[in-house]
Amino acid sequence: MEGFDNIFAINHRLSLFFLGLLLLLASALSLENAKTHSHDFVIQATPVKRLCKTQNSITVNGMFPGPTLEVNNGDTLVVNVVNKAKYNVTIHWHGVRQMRTGWADGPEFVTQCPIRPGGSYTYKFTIQGQEGTLWWHAHSSWLRATVYGALIVHPKEGSPYPFSKQPKRETAIVLGEWWNANPIDVVREATRTGGAPNVSDAYTVNGQPGDLYNCSSQDTVIVPIDSGETNLLRVINSALNQPLFFTVANHKLTVVGADASYVKPFTTSVLMLGPGQTTDVLISGDQTPSRYYMAARAYQSAQNAPFDNTTTTAILEYKSSSCAAKNCSANKPIMPPLPAYNDTATVTNFTTSFKSADKNLVPTDIDESLFFTIGLGLNPCPSNFNKSSQCQGPNGTRFTASMNNVSFVLPSNFSLLQAHHQRIQGVFTTDFPANPPRKFDYTGNVSRSLFQPVAGTRLYNLKYGSRVQLVLQDTSIVTPENHPIHLHGYDFYIIAQGFGNYNPRTDPSKFNLVDPPLRNTVAVPVNGWAVIRFVADNPGVWLMHCHLDVHITWGLATAFLVENGVGELQSIESPPEDLPLC
């Protein structure tokens with residue numbers, strides 16, 4: 001049997017080698033029409049007025065949200081970031097595979113040290129084999145509350161969309177969160193007290209709260225449409241801490257893509273996006289010419305947790321409507337019904353409707369079978385802390401969070417990728433557990449003895465080409481919750497999800513190995529689980545974390561260290577000369 005295993009392993013390595021050659025050939029052919037797009041991002045403080053109040057917000061080029069970047073599949077982006085703000089900053093290109101260009105991925109102290117005030121760094125990478133909607137955002141502290149924008153990847157030049165109808169126009173719908181405060185102060189105060197941070201004061205569409213908030217009606221976003229048109233809406237949830245429902249009054253939405261991958265079209269009246277997720281939908285101008293609200297509000301799965309229960313709106317306006325012709329605002333738009341805040345049934349119906357439209361490459365033979373628990377925790381109040389002011393979590397504790405009982409700690413003197421590349425000792429270990437240290441009733445009544453995780457900078461090592469299956473299991477520690485888990489540097493297939501504790505004997509019968517959706521962020525169901533698969537074909541250090549920023553602040557993260565393979569095409573590139581120093 002050992003001989004057969006060796007032959008199988010050799011064949012697997014050969015297949016990866018020839019696959020790399022084929023990808024290189026395809027890349028070379030695609031370069032004939034590929035372009036390089038150069039941009040300058042100046043990070044700066046800018047006066048921004050929302051909800052009757054002006055405050056200095058950190059922006060890119062004085063814009064909130066930041067600029068929308070548009071490229072074609074196969075193009076290269078070169079973005080020079082100059083930091084004129086008072087905070088450290090990095091930029092993450094959310095969902096971009098970054099094949100061999102991990103130095104451009106962006107998470108602070110993971111793939112780079114931060115760009116210090118007065119410093120600069122140039123991100124350069126090629127977007128290959130991805131089409132649809134991605135986005136970019138700051139990946140330092142809570143700066144992404146205002147530092148974000150859309151990244152649109154069109155098909156190769158001259159190629160149509162694979163839709164039955166080509167869209168007449170395209171509109172990015174970027175959902176966000178707004179605080180009547182400096183978001184950095186909000187998270188710093190929560191870190192000081194050990195309690196939950198203050199919730200946002202508003203949600204936004206393309207940076208504007210909309211008609212239902214004070215001092216906001218004049219700037220409500222107008223999205224044009226005309227009778228008979230089919231248009232493409234690119235919906236992005238860039239909110240810091242909140243999954244969101246999205247709907248349009250009296251209109252059906254045909255979902256055609258998610259996270260820059262095409263899906264088999266399906267029709268729905270409501271979307272749910274976790275922070276980090278994108279969804280492309282076609283909308284038809286098939287209603288009476290008028291004005292219709294687009295609306296978004298919270299999906300809140302955590303029990304007894306405070307949240308922002310307000311509703312943001314934009315207006316879908318028919319160009320042929322009498323109001324559009326008169327440029328009037330007195331004609332009140334039609335308001336859509338929205339799901340209840342805790343409507344998990346609607347969320348489940350929506351998320352389980354996704355099926356991939358692309359060729360299925362889901363791995364079937366598995367080299368690494370992993371099981372990660374995800375959830376919150378509580379640390380006891382340290383003896384040298386003031387319990388009333390520094391331990392404001394439940395019963396005088398401090399909030400924390402973990403995967404497999406490890407609360408992730410970022411280094412501060414080196415980035416993880418730098419430490420790996422330069423073989424610097426003492427920055428991290430590669431002993432992150434493949435399974436929970438203790439088995440328990442994950443979604444039941446959990447013993448208080450399991451509420452306190454262990455802090456550490458522990459990575460999981462993967463050999464190049466490993467075929468990975470990962471079960472992500474929510475827990476009811478403190479409270480169960482829907483967690484949007486994002487993996488940097490990779491797309492993955494979501495082959496199953498369900499509620500309760502994952503059962504390795506019976507739940508594999510639910511696996512979809514035919515047309516599972518390909519995503520970069522999976523919404524793990526509240527009190528449930530999700531199973532993903534991917535091939536570790538991109539060397540580097542790749543962060544995996546909950547995209548609720550409050551949770552990554554508390555440590556709900558880990559990282560995969562993917563080894564180099566054989567030769568240059570299976571190895572990470574050398575670091576750029578202007579890579580920031582710590």
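Quick caveat: nothing in here was measured; it's all calculated off a predicted structure.
By the neighbour-count criterion of 12 heavy atoms within 6.0 Å, atom CG of Asn386 is densely surrounded, having more than that number from other residues, nucleotides or ligands. No more than 12 heavy atoms of other residues, nucleotides or ligands lie within 6.0 Å of CZ in Arg438, so this atom counts as exposed by the packing criterion. Other residues, nucleotides and ligands contribute only 12 or fewer heavy atoms inside 6.0 Å of the NZ atom of Lys252.
The cationic group of Arg291 does not satisfy the cation-pi geometry with Tyr318, failing either the under 6.0 Å distance to the six-membered ring centre or the 45° limit from the ring axis. Both tests pass for Arg297 against the ring of Tyr341: distance under 6.0 Å to the centre and angle within 45° of the axis. Taking the centre and axis of the six-membered ring of Phe451, the NZ or CZ atom of Arg448 falls inside the cone set by 45° and 6.0 Å.
The aromatic rings of Phe64 and Trp178 sit tilted relative to each other, their planes meeting at an angle between 30° and 60°. Ring geometry, Trp179 versus Trp142: the interplanar angle falls from 30° to 60°, so the pair is classed tilted.
Tyr493 OH to Asp515 CG: the interatomic distance, rounded to the nearest 0.5 Å, is 10.5 Å. Put simply, NE2 on His251 and CG on Asn231 are 10.0 Å apart, with the number rounded to the nearest 0.5 Å. Atom CZ of Phe109 sits about 7.5 Å away from atom CG of Leu410, to the nearest 0.5 Å. A distance of 11.0 Å separates OG of Ser402 from NE2 of His551, quoted to the nearest 0.5 Å.
Ion pair Arg519/Asp491 not flagged as a salt bridge, since none of the NZ, NE, NH1 or NH2 atoms sits closer than 4.0 Å to an Asp/Glu carboxylate oxygen.
Contact record, Thr400 with Leu378: CG2-N, 3.6 Å, taken as the closest heavy-atom pair.
Of the options His483, His139, His94, a ring pair (Phe, Tyr, Trp, His ring centres under 6.0 Å) to His547 is made by His94 and by none of the others. With respect to Asp259, the side-chain contact (heavy atoms from CB on, under 4.5 Å) criterion is satisfied by exactly one of Thr133, Thr278, Asp280, Thr279: Thr278.
Of the possible polar contacts, none joining the Gln208 side chain to the Thr204 backbone as a donor-acceptor pair under 3.5 Å is found.
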